[in-house]
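From a predicted model like this one, the values you see are computed outputs, not experimental measurements.
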Amino acid sequence: MTNNNTLQEQNFRFHDCPTHTNKYEVDGQKFTVISHFIGDRNINDVMYDYAMNRAMNEMLGRVPSGA
């Protein structure tokens with residue numbers, strides 16, 4: 001996906017793709033993040049990157065281990 005698409009173009013192109021919604025609160029301000037799963041990434045690469053980042057952050061004490 002390129003960054004040259006407008007939000008409307010992306011919404012039209014991916015409107016049938018599955019989504020996941022997360023709500024976060026940062027410094028008292030609420031945010032809603034909607035992830036669109038468009039199938040452009042290899043799930044093995046995504047999971048490997050996530051696991052490596054998580055392990056590194058745990059070793060550096062940036063996140064609680066086992067959470």
Q. Which is it for E58 and R54 under the salt bridge (Lys or Arg N to Asp or Glu O under 4.0 Å) test, yes or no, and what are the steps along the way?
A. CA-CA 6 Å; E58 285 182 9; R54 181 67 187 220; 3.0 Å; yes
Q.
My understanding is that a hydrophobic cluster links ILVMFWY residues whose side chain heavy atoms are under 4.5 Å apart, including indirect links. Using that, what else belongs to the cluster containing F37?
A.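 Direct or chained contacts put F37 with none.
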Q.
Atom OH of residue position Y50 - does it have more than 12 heavy atoms of other residues, nucleotides or ligands inside 6.0 Å?
A.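 It does not: Y50 OH has 12 such atoms or fewer within range.
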Q: Please name all residues satisfying side-chain contact (heavy atoms from CB on, under 4.5 Å) with N53, sequence neighbours left out, ordered by chain then number.
A: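 N53 satisfies side-chain contact (heavy atoms from CB on, under 4.5 Å) with no other residue.
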Q) Taking NZ, NE, NH1 and NH2 as the nitrogens, is one of them in E9 or R13 under 4.0 Å from a carboxylate oxygen of the other? A)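 Salt bridge flag = no for R13 with E9.
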**Q.** Full working for side chain to side chain contact (heavy atoms under 4.5 Å, CB included) between T32 and T21
**A.** CA-CA 7 Å; T32 300; T21 303; 3.5 Å; yes
**Q.** Straight-line distance of M52 CE to N57 CG, nearest 0.5 Å
**A.**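 One finds 11.0 Å between CE of M52 and CG of N57.
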Q: Identify the heavy atoms of N42 and N44 that sit nearest to each other, and give their distance.
A: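 Distance-wise, the nearest heavy atoms are OD1-N, 2.8 Å.
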